[in-house]
Amino acid sequence: MAELLELIEKTRDGISLSLEDAEQLVTSITDGSLPDYQLSAWLMAAYCKGLSLEEVYFLTDAVARSGGQVAESLGIVDKHSTGGVGDKTTLILAPLVSSLGVPMAKMSGRGLGHTGGTLDKLESIPGYQIDLTNEAIRAQMEQIGVAVVAQTGELAPADKRMYALRDVTATVDDISLIAISIMSKKLAAGAKNIVLDVKVGNGAFMSSLESARELARLMVRIGTFHGRNVRAILTRMDQPLGFAIGNAIEVNEAIHCLQGHGPADLREEVIELACHMVSMAKGISVEDAMLEVVDALDYGSAFHQFKQWIAAQGGNLTAIEQDLPLAPIVKEWVSEQEGFVRSIDTHAIGKVALDLGAGRHKIDDSVDLGVGLLCFAKVGQSVKSGDVLATVYARSEQHAAQAIFLLQQAITLGETNVGHASSAILDTIVSQDEVSL
Ligand code: URA
């Protein structure tokens, strides 16, 4: 067996790690025998020298198995988003695809970001229980085919250690390291069919289409190599998805979408992701899946399934008969000029939600479920004087005024139209390229 120092030397010198090396490295990350300073050095070496495709395959598999036995999958399809502002698609997709006979069980986290994670959002519904025993999850899946719960046990614990160190060693934005991190967790979660929503734009990890395509292709190849069906959908994140950013406010918008309404970009993206999930799970064409998906949204079966799911996990259905209540101080940004929305600093909009209290700076911070905002501005949209561009829900006048001020900095209006992409969907990667070594 190589000394751990030799593994760092190999990566520093651009020599590919063997299967055995990759196993040894990941074991030492998981059991702690590789100290932080050596793991940091290895991460920086990998960042600067790059990793070969075979190393990426080996490392992903080893990280996926670092929590012991790979989880038994309860659903046949899984989805993952690389993350963005206003992304509430899981809240809609889980009931939507399961209403079409495609079971989906999702273990979610709380999330560190501009808003809480899916679990925080769901906890805006009074009574909703996130901690279910494995038996309870299994029973619920048998009964209604959908569950969204807190993670039990540790999924890919080696990734947790690597991610924490990447965060503080400027090694987050490396395509191979991101692909290993995401795909190890997807492999560990066990689903045979995986749809990846890879976000592109100034509110995402990948700001260019080119880099997003590279990440998507790599993740599809990793999944295919490990015997999974994977499709990656590249979607816009140069503006928030939908209007709502926050927790309860995003649940409200998700419910509108499940009732056949909601913002056009959110509906388009949900339909696209759902079509791929249903088509993969049922082995039908995307076009045939589209008919089922649109029907489920527009004729009530997706919303009916949502209510069954929320009730099964203890949520109070009376509370969602109307929109969930939001923070009491409501302020609008009303445009005083005519023109067009030229650009949106999506990251800055996420920061506005965070500053209102919708997200966490540290993992043990508490989240205010009622604050948030509706950002109505979309790139390329024409604006008239008197149009409401955003509405803020805050706990104090001062927070609300500060949020409106920051929104005015983040959204640029101008006299001429810069145009805009007509679709939220930028590309689809379904390649089954040769994946053998
Ligand atoms: N999401 C992850 O889970 N890991 C990364 O490295 C980046 C995004």
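First listed ligand is number 1; within each ligand, the first listed atom is number 1. The analysis underlying the following values was restricted to heavy atoms, covering all of them including side chains, and did not include hydrogens, waters or symmetry mates.
Counting only N and O atoms by type, the side chains of T115 and N247 include no donor and acceptor under 3.5 Å apart. Using modelled atom types, one finds a donor on one side chain and an acceptor on the other under 3.5 Å when comparing Q313 with Y128. No hydrogens or angles considered: nothing links the side chains of E269 and T89 as a donor-acceptor pair under 3.5 Å. Counted by atom type alone, S98 and Q305 present one or more donor-acceptor pairs between their side chains at under 3.5 Å.
With rounding to the nearest 0.5 angstrom, the CG atom of L241 is 10.5 Å from the CZ atom of R236.
Take S211 and apply the side-chain contact (heavy atoms from CB on, under 4.5 Å) test, not counting sequence neighbours, and it matches I175, M206, S208.
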Return a table of N or O atom pairs, ligand 1 on one side and protein on the other, at distances under 3.5 Å, rounded to 0.1 Å.
| from | atom 1 | to | atom 2 | distance (Å) |
| --- | --- | --- | --- | --- |
| ligand 1 | 3 (O) | K185 | NZ | 2.5 |
| ligand 1 | 4 (N) | S181 | OG | 2.6 |
| ligand 1 | 6 (O) | R166 | NH1 | 2.9 |
| ligand 1 | 6 (O) | R166 | NH2 | 3.0 |
| ligand 1 | 6 (O) | S181 | OG | 3.4 |

